[in-house]
Each structure stands twice: as structure tokens, then as C-alpha cells.
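Worksheet: one structure, shown below.
Numbers here are sequence positions counted from 1. Read the numbers this way: they start at 1 and go in the same order the structure lists the ligands and their atoms. Below, all heavy atoms of this structure are taken into account, side chains as well, without hydrogens, waters or symmetry copies. These numbers were taken from a predicted model, which means no experiment stands behind them.
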Amino acid sequence: KLNIPSFSDVYSDCFSIGAAINQRTIESSKQLLTKHFNSITAENDMKPENLQPEENKFTFEKADQFVAFAEEHKMKMRGHTLVWHNQTPDWMFTTPDGSVAKRDLLLDRMQTHISTVVGRYKGRIHSWDVVNEVIDDSENLFLRKSNYLDIVGEDFIEKSFRFAHEADPKALLFYNDYNESHPQKRDKIYKLVKSLLKKDVPLHGIGMQAHWNLTSPTLDNIRAAIEKYASLGLQIQLTELDVSVFDTTDRRTDLKEPTTEMVALQEERYEQLFALLREYRDVISCVTFWGVADDYTWLDNFPVRGRKNWPLLFDDNQLPKQAFHKITSFK
Ligand SMILES: Oc1ccccc1CN[C@@H]1C=C[C@@H](O)[C@H](O)[C@H]1O
């Protein structure tokens, strides 16, 4: 049996190695988690709808369990996420009589949510995805249209960071987004973050979600994005890495397992990606995968519900793929 090295040990002088977890995988992948990872993120259980499902009714049991697990196993914890247009309950934007909330009410609720959540885990959560996905994917729009933008206005973003910083001045605060290596979106993320830094907003890093596939984004575009974000003097983290075996337009549903060509391409892709990430180890502080092993990935339901995917470094029997061996034997 191959002697399998610890992923996070091999990368200890590069960056932390993280994984998104949920109630099921914290048990089913416990061995892999404690051996290979030194950072965890709650995949869904620390999103607004799961922490404050009703106004002033906070449900912290699961988050408490994950934070305790991280501390027990000397892992860092990433808080995901405080302000996001998705997975946020409707009450946040609605007055008690059912009309649309106004600016001051929503700002109060944002401050309550952020200060209660960040305050509860003060000194225990190393970094927060304070704001998630506010840049629009279309060419002619800067900020994504959302309830936050419509009701509060553009300053909902800086307010979010200031609320979080007040609640835990030591936590590292991140702006997090996907398609972050596409030149156009990259430039808009850069513009937003630069404008926040100019206003002395407490923002310490950029989260590149890194939901990638076998061909996109190109290594050149990833390199250019890392360079551009690093030029702001911020730390960079990959926060949701997976390498889908399907490209964004491929809706095929016939496969019961990845083709041999997909396996070979994914192996090559992971080897190239980690060679590039190691080159930028001075600015990259953590690489978090959006899952542990192929036996559970959000991509089994996105963008095609019920379509199996095999995006991670451990297969659906929780065994390391050849790609794992390739990226842990560079020394
Ligand atoms: O790749 C995307 C394409 C369209 C919308 C969102 C995303 C990524 N959005 C991420 C994915 C999964 C969720 O669990 C994360 O919280 C979210 O940040």
C-alpha cells in the first residue's frame, strides 16, 4: 500500500489546505479531514438562512460543532458567509407588515446579524467571507442587482466589512467571488476592492472561489488574476476549489464514471494548477476545496441536478487519485 503523505504537511511551507464540510462529511470523511486538511469551511451551515432563519432566532448548534471540531483538530476555520444575495431569508428585506424594508432597517439587521455571528466566534474563526458575489457576470453591469443594493445602496458592501471588523478586529476579512479569473470580472473585482481600500475599509484578502474545470480558466488567466489581486497588497485564498470534469456548457448526463480521458486531463490540470499556486505561495495563504472526496460534491446538483461529477482529489471511495500523488510529490 502506497505510503500516503499528509497533504497539508507536504504544503506546510506553501499555504494551508482546506475543505468545505457538512453534517454528513464531517463524519464520513473524518479520517481524510484530520489527516490531510488544516482548515475547514461550513459548506452551507453558516450562511444567513441557516444561522438566523427568523429575525432574532439564531441557530448556532451546527456552527458550534464545526468550530469545536476545527479547534479539536488544530485546524483554522473560515466563516462563510455574512452578506450574500443567495441563501438569505426573505424576512431580512421585509418589514413586519410585509412591505419592502427601507435602508435603515436593513442596515440595522445587517449589523445585528454580523455582530452577533462574528462576535460569537471572536478569536475562533480565522477568516470571514464577509461579502460574497456582488460583482455582476454581465459585461455592462458593475454590481449585481440585489435586495442589498436596491435597499441600502452601494455602501452596503463597506458597511458589512466595518460591522465585521468591529465585532472581531483580529479576523481576516475577505471579499469572495466566482469566475474571478475571467479578465472582465477580474478587473471589476479589482476596481471594487481598490475603491474599498481607498476608503480604509478593513479588508484583508480576496477569495477566489476557483470553481474551475478541465480547460477553463486558462493558466494565463489564473496567473493574471493572482498578479492583479496581489498588486493590491492583499492576501489571496482559493476558497472553493473544484475541477469539474464537464465544462460550463456541457449538460451530458450519460456518464456513470469519468472517462479515462477526463481522468488523465484532470490529473494534468491539477498538476499544472498546483505548480502555479506554489509559484505564488508568498501571496496565497490557503487553498480550500469545495468538498473532501467525490462521494459528495455540490457539483452533483449544479449546474445539472442529479448529474454525478468527480471534481476532487479523493475519489468516491475516498482514495487518493493519481492527481493527489502528482501534486504531493513535487519535492
Ligand atoms: O459557481 C457558481 C455559479 C453560479 C452561482 C454561484 C456559483 C458559486 N457559488 C458558490 C457555490 C456553492 C455554494 O455552496 C457557495 O456558498 C457559493 O459561494
Top protein contact for atom 8 (C) of ligand 1, by heavy-atom distance = Gln209 OE1, 3.1 Å

For atom 10 (C) of ligand 1, the protein heavy atom that lies nearest, with its residue and separation | Glu240 OE1, 3.0 Å

For atom 7 (C) of ligand 1, which protein heavy atom lies nearest, and how many Å away is it?
-> Tyr178 CD2, 3.8 Å

Would you check, one step at a time, whether the test side-chain contact (heavy atoms from CB on, under 4.5 Å) holds for Leu143 with Ile157?
-> CA-CA 10 Å; Leu143 295 178; Ile157 300 167; 4.0 Å; yes

Phe330 side chain reached by Phe274 side chain, heavy atoms, under 4.5 Å | no

Run through Phe163, Tyr148, Phe161, Trp84 and flag the one making a ring pair (Phe, Tyr, Trp, His ring centres under 6.0 Å) with Phe156.
-> Tyr148

So the atoms of ligand 1 within less than 4.0 Å of a heavy atom of Trp84 turn out to be 16 (O), 17 (C)

For Glu43, the ligand 1 atoms whose distance to one of its heavy atoms is below 4.0 Å = 14 (O)

What's the shortest distance from atom 9 (N) of ligand 1 to any protein heavy atom, and which residue and atom give it?
-> Glu133 OE2, 2.8 Å

Is it possible for you to check whether Arg120 lies under 6.0 Å from the centre of the six-membered ring of Phe58, through NZ or CZ, and within 45° of that ring's axis?
-> no

Indicate yes or no: does an N/O atom of Trp290 lie under 3.5 Å from an N/O atom of ligand 1?
-> yes

Looking only at heavy atoms, is any part of Asn179 under 4.0 Å from ligand 1, and if so is it the side chain, the backbone, or both, or is it neither?
-> neither

In the protein, what heavy atom is nearest to atom 16 (O) of ligand 1, and what distance, to one decimal place, separates them?
-> His80 NE2, 2.7 Å

Count the heavy atoms belonging to other residues, nucleotides or ligands that lie under 6.0 Å from CD of Glu71, then report whether that count exceeds 12.
-> yes

Answer yes if the ring centres of Phe302 and His211 are under 6.0 angstrom apart, and no otherwise.
-> no

Looking at atom 3 (C) of ligand 1, what's its closest protein heavy atom, distance included?
-> Phe302 CZ, 3.4 Å

Write out the residue and atom name of the closest protein heavy atom to atom 13 (C) of ligand 1, then the distance separating them to 0.1 Å.
-> Lys47 NZ, 3.5 Å

Step through the shown structure and confirm whether more than 12 heavy atoms of other residues, nucleotides or ligands are within 6.0 Å of CG on Asp247.
-> yes

Met46 and Val83: same hydrophobic cluster, using ILVMFWY side-chain contacts below 4.5 Å?
-> yes

Non-hydrogen atom of Gln87 closer than 4.0 Å to ligand 1 = no

